[in-house]
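The structure under discussion appears below in the form of structure tokens.
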Amino acid sequence: MKRSFVIFLLALGVALSSSAQEIRLTPVDPQAVGDWAKPALPFRLHPTLDRDVDYQGPALPMRLWGDLSLGSARYALVLGVSKTGAPGLWLDQNRDDAITGDELLSGERGDGYYLWQVELTAEVDGESYTYPLGLLWPEGRGYIYLIGGAPRIGTINSDGQGHTLVLVDGDINGVFGTEGDFYAVDVDADGTIYGDADGHEHFAIDEAFTLGERSFRLAQVSPAGSWVRLEQTEYVPPKLPLTPGHPAPDFTFTTLRDGRRLSLSDFQGKVVLLDFWATWCEPCMAELPNVKEIYKKYHDRGFEIIGISLDTNESALRSELQKQGITWPQYYDGKGWDNQIAALYRVFAIPATFLLDREGIIRYRDLRGEELADKVAELLAEPEEAPPPSKPPSVTAPPESILELTLPSEVGLMPGEETEVSVQVENTSPYLAEEITLRLAELPEGVTAEPKTIANLPAFGQRSVTLTIHVPEGTPQGNYPAKLVLTYHYCIGESCFQMSDEAELTLAVGKEPTAASRPWNPWWLLVLLGVGVALAWLVLGKGASALGIALMLVAGAAVGVGVYLGQARQAQLIGAVLCTSCVGIEEGRPEVPQVSAATREALAQLSRPVKLVVFHTPWCHSCPFAIAMAQEFARLSPNIDVELVDAEKNLDRAEAAGVYRSGRLIVPAIFAPATGQVIFGTRDLEARLLDLVLKCQK
Amino acid sequence: MPKVSKRRLHLFRRGSQSLGLLLGILGFTGIGMTHLIFPGLHCYACPLAVTVCPIGLMQNLIINGTVPFYWMGIVALYGLVLGRGFCGWFCPFGTLNDLLSFRKVRFLRALSPLKFLILLGTAVAAWRFGDTMFCKLCPVGGLEASLPYLGLGIAELNTPFWVHMGTLGGTLLGMVLISRFWCRYLCPMGALLSLLSRVSLFGLRLKADRCTGCGVCASACPMGLKPYQEINSTDCIKCGECVTACKEGALSIGFYLPGREGRVPVRTSGLASRLNRVFARK
């Protein structure tokens, strides 16, 4: 009996193992697979640390703490700026709860940021492994970026072919297989993995992928990332590639204006721009005049636009279309970010555009400005057969939630009464969240609650919102599940994201409202203070003395209430965040120079080689712009050769070029050896640089 | 309170002003940002700051929609204990005003309520624009944050920086031309403290029987007030310059119950104030 049971278990084990394939994974350098395997997450620093860690490093005028978790391993870190202005990062690498001076990490300075690289140990379920981590501090900020992901690589053998699989710790918490992690599979086995968030070979940790006729999902992931087990699952259609050179997925839609049924395939033979936009997206609206201009100019020659609106407010969209005089077809389904065509095209950020040629092949993505006009003209001028694709896909990131909700899991409600529920909304990111709406959904019949809107919530800001729930008389007692829906949008640079999150709560009808659902708010203390201030202008003599003492008691009570509500800590946090835009610190955004059509034309006509030497220094904030402009010139004309010279390290060359004079370096400077001429600064750089280049031709 | 010698009072005041300055830059010891609110205008973005600026915090609380128990309680306590005495005895920017006080002039008293408008404007702008608009203009921020960050090589010579330099330059010029220029007309923190200054424990006392009405106290007052007519006015920063100037010993300074004889405060603006001055002339 016993033996047969063992045999049965073994047979079951064999049967189970045959359906699950284990892939061994080994660490891989992210550079070897692509930048997508190196996620970056903002990580907030605080003036103090919640646990007891002793800082024994040098005295610092400015110091912020962080507490980093990689599995069960916790690392305290201190970011400080010394009196000389040099920043340093100390990390408790030996985890002895003491940060000593020799735990200073060596870092490097970039344009507007500092970057430190370190190898830490992550501990998961008693297993430990090495975790390479980058820590990037945008100068002057109260947060850093963690750059990690510790990618793991392995091979899936399917139908006699090897497909590379890369697993990434997307949420940088040291544990693989958690929400926020992702993986990528080279499904077409072409040696390149399109693992960007909108790539067709990128998969969320619980998403299935398809190899040939079979689909698989990750049945089990080793928390330390050393293996994954694949399990065959129900067939899912493979993700279509959206990179230039691939056909654009077809779709059918009803136009918003006149209700016509159209398909993308109906536009075969025309150059088509798929424009994903929304009226709330400022960069989209800024680009609109240019799009209108191009449409006007080329529509008669076979150019068409299909607008895919991610708006959720139809009347706002209709009035904007009318106001702007937009006549091209628009698709609108009111689902915002869940827009069906946006989902088909894996659009995670707007503005997003796909420019299709006459054959319906995606040729360019995310073009704007003059470049869009140029490419439309180029595609219209092309013969029917399309040449091979020319531009790699742009890198976008999937939108991440930046708001966190704190709400009671259960709310007591009495029939015939209104109950207030306090919900805390916290912005956990350095970005501004806008048009935040909180709405209770899936309420039991008859129960109502007004949605609440917050215009915006600044970086790391908190806001308490009170929702009023009305329960009519006669509502049966019992527990009803409901949802709190949070919608908002935010922008990072030129990309905007519309978000929608949900949180669950239980409505306990018939149960007395609990203290948790009624925030303690003795506002009358502040009213008393206000009345006291008014009386202070009227009362004299002994009354003033009594008033003064009474007000002291009220003020003391208000301080006590504030401390109890955590407002002292809030004050400390506010004090620790620097208003960089106030004091003249601006985030170093790489500026991409836009070169005018006239300059492009002039550069295209260059007949002789031109050498340009760009002198720069690490501390020069305008140098990146000068470098980018020179490189853009070189990109537009093969006759231009650009050499970058660090002026501090090459003082002799700088002196010979006239960039180093009387002990002073003047950068950015662009030197043309052919004429001996040098230009400084960035003002009107395009015109001056063109002049410099043209003089070299004479 | 016994008559304090001029030298001793000066010494006390400079000592407490130094203490204010020290608390402002205590960050050099390695202490990070604390929960404390500074009792004066002092930029929390200053690299050495360990305390929170009350006006910066006020704007952030408005932006975040917080019912400000902690902030209001602390500011009220400051107002009730020293009132605008903090301006005269503690605030580092007030100390800078003092150091540049070359001309103790009576000048445009009618502009004094401007600081209340600035306080109101600061609050409304924070609510309306969702940003710390006052901080972008604050000369204290220019002095304590923009310049140090420029020195540290972090700030840039960009528009926000030059705006700060403009307001700082204008304020410094004002200070040189008119004693306590910033405290008189513009400081929103001074406006906040002055709301409770009339019932604060710290203040001046006038012994009417000793006062000859000679006006020496008025010429000594850096705020351009007439202490013998308007003792403990809401504009009074309780610096004690008048106390040491008075040869008759009619004025004294210290901690008294606000209702005590000789502490009767007088309005400095509006109809009541004007009437008071008219009657005083008679």
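Letters A, B, ... are given to chains in the order of the sequence lines, protein chains preceding strands, and every chain is numbered from 1. Bear in mind the structure is a predicted one, so any value in this text is a computation, not a measurement. Only this structure's heavy atoms are used, side chains among them; waters, hydrogens and symmetry mates stay out.
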| request: Only one of A/L529, A/V561, A/L525, A/V554 passes side-chain contact (heavy atoms from CB on, under 4.5 Å) with B/M72; say which it is. | output: A/L529
| salt bridge (charged side-chain N to carboxylate O under 4.0 Å, His left out) contacts in which one or both residues fall within residues 59-86 of chain B, not counting sequence neighbours | B/R84-B/D235
| Can you name the closest pair of heavy atoms from A/A544 and B/P258 and give their distance? | O-CG, 3.5 Å
| What distance separates B/F69 CZ from A/L526 CG, expressed to the nearest 0.5 Å? | 5.0 Å
| remark: In terms of heavy-atom pairs under 4.5 Å with chain A, the winner among B/P68, B/G142, B/C53 is B/P68
| remark: Here the gap from A/L535 atom CG to B/R198 atom CZ, rounded to the nearest 0.5 Å, amounts to 11.5 Å
| field | salt bridge (Lys or Arg N to Asp or Glu O under 4.0 Å) partners for A/D54, two or more places apart | value | none
| said: Is A/I549 close to chain B through its backbone or its side chain, or both, or neither, when contacts mean heavy atoms under 4.5 Å? | reply: side chain
| query | Taking all non-hydrogen atoms of both residues, which atom of A/V559 and which atom of B/G73 are closest, and how far apart? | reply | CG2-C, 3.3 Å
| message | The test is side chain to side chain contact (heavy atoms under 4.5 Å, CB included); show your working for B/L201 and A/M552 and say whether it passes. | response | CA-CA 10 Å; B/L201 293 178; A/M552 272 197 195; 3.4 Å; yes
| note | Nearest heavy-atom contact between B/Y70 and A/A571 is CE2-CB, 4.1 Å
| said: Quick check: under 4.5 Å, non-hydrogen atoms only, which of residues 121-128 of chain B neighbour chain A? | reply: none
| Test item: A/Q567 side-chain N/O and B/T66 main-chain N/O as donor-acceptor pair under 3.5 Å | no
| query | What residues, two or more places apart in sequence or in another chain, satisfy side chain to side chain contact (heavy atoms under 4.5 Å, CB included) together with B/L82? | reply | B/F86, B/F202, B/F255
| message | Tell me whether the count of non-hydrogen atoms from other residues, nucleotides or ligands lying under 6.0 Å of CD in A/E404 goes above 12. | response | no
| For A/G548 against B/L80, the heavy-atom pair lying closest together | O-CD2, 4.0 Å
| Region of B/L77 in contact with chain A, defined by heavy-atom distances below 4.5 Å | both
